[in-house]
Amino acid sequence: SVCTLKKPEHIYTSPHTDVQIPDMTLIDFLKDKSKDYDDRIATVCAETGEEMRYGELWAKVGSVASALVKLGIGLGSTVGLVSPNCPEFVICFLATAATGATITTVNSLYTPAEISRQLEDSGASAVIYHPTTAAVVLGATQMLPPGSVKHMISTHEAVNSGDLALLTLEADDGLAYPKNLQVDLASDVLVLPYSSGTTGVPKGVELTNRCIVCNLQQVSHPKVVFHNPDGVSVLFSVVPMFHIYGMVACLMLSILTGSKSVTFHKFDPQLFIKSMVQYKPTVMHLVPPILNFLVQSPKVLPEYMASMRTIVCGAASVGDVIVKQVHDKFGSGILFQEGFGMTELSPGAHLTIMGECTPGSCGPPLSNTMTKLVHVETKETLGPDDGPGEICIKGPQLMKGYRNNPEATAATIDADGWLYTGDIGRVDSDGNLFIIDRLKELIKVKGFQVAPAELENLLKDCPGVADSAVIGVKHDKLGEAPLAYIVKNPKHESITEEHIQKYIADRLSTHKHLAGGVVFLDAIPKGSTGKILRKELKQMAESDSSN
Ligand code: 4UW
């Protein structure tokens, strides 16, 4: 048994030894870990083939951080970062962190309205953007009160007039680099990604240096993460770094392990396959749709995986058949690991132990982490034979809270420090966690978050719609997809599915489009307090799809 069960509390603890959390900022921690790697390649841009060594990366971080400080950015500032994965993302992220500012990473596929909402809510005074997002970012800043965003910096050449280019910042003399930053490691916010949590619209998740450094220590425990003893690991950074999974697993863990990180703007099957042949990856952190592609596509030949040692997958339901499919196609030498994470958990909580994966499970808790299952309604702790319950997590990687939202924070983390994940799971006799359902509203499309409340709020203003409710339904390619139930306004009987689809598509990024369809109803089922009865709608959708 890998887990100890402490009765009568029924708390599952980690089989791993505790890790120490060094009193260091993320930057000092990563610099220290990679100090001997100056000559190693840190990043390769898959799109251009351009390489950057660790020595060069840290030199650029030094100059850019100094330049940002001269612009007035530092402790107390918030900087928006809107970019797909690229080496410049890594430079800008680390440089901003080095100033002591908070980084709010924004989905690079967002529409102007979505970006402006996050910039406004987070109070960003500067935005760093990739040229491919220049037009939407400009649109977003024009929706904000004039002067709220003071600096616009492009990760490449400046596109909009008046903006700064990264190259200019890289030419800084570095003199203003903050050497003795007075950060409160457990209180000042390092990163502020957005997540809807268990209910409502996306909220800023406050993660401190302590949260992030802690989770890096937890996932780099020797029994958890594969360190290549014979040489350099080649890590494919394809899951987006603006999302907590890519931010920690691809951006930070690759530096921590001195890996070569091959960055991808997006998952483009052709470029991905070509890059496998060219760079011979040894480790990949993936989401289910990409892993499914790798095992199913005849274009991905088994020999392309000859160098692979570790595949990690998670962020949405993985399933138990995939492990066998991976081993059948690519050989049993590949270590497959599934993890369970959440933005609010910085993000890791459970990860299977190297070489000991129980298919379909996310393994035991990470070091310093405790898990319990509670009754969905009574919130009473369940025993090992009481069946599935809501997963609660306690550990030093828990977020500080939601920004400016003490109510939502209190509804998520109780007085004893347990975080209610809104996921339903069970734990087997070896202490392995299985995620079996989701209690919360959240929809996961290709691992991306879609908050039903965001779509429902928008649909309130859609002409012809009297009421609406959005739920997630199973989808072959996307994992899940949003489906909208619509009650027509009697005066607009003629509105159609296309009308609703277009209304959403015109306003929200692609993963939020109604790929699950639109269904018209006479009334949305609601409880006595007016709460949408999503369970009923889910049952309705399931019986409709099986008919
Ligand atoms: N199976 C089923 C899973 C699983 C899952 C997550 O967007 P967020 O807030 O965050 C993430 C983080 C993913 C992640 C982080 C670190 C890590 O090691 C890892 O291992 C692969 C994955 O996705 O969404 C959180 C929600 O996503 C669902 C679940 O509902 C959770 O609350 N989710 N992992 N293995 N569902």
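All ligand and atom numbering here is 1-based and tracks the order in the structure.
Annotation: the span from Q20 atom CD to S367 atom OG amounts to 10.5 Å, rounded to 0.5 Å.
For the ring-ring contact (aromatic ring centres under 6.0 Å, His included) with F272, the qualifying choice from Y279, F267, F293 is F267, the only one to do so.
Looking only at distances, no side-chain donor or acceptor of E338 sits under 3.5 Å from a matching main-chain atom of G314. Panel note: side chain E454, backbone P202; no donor-acceptor pair is recorded below 3.5 Å. T409 places a side-chain N or O within 3.5 Å of a backbone atom of Y402 that can act as its donor or acceptor partner.
A heavy-atom cutoff of 4.0 Å around ligand 1 is satisfied by the protein residues H243, Y245, V312, C313, G314, A315, A316, S317, E338, G339, F340, G341, M342, T343, P347, C362, D423, I435, R438, K440, K444, Q449.
Heavy atoms of other residues, nucleotides or ligands lying less than 6.0 angstrom from NZ of K266 number 12 at most.
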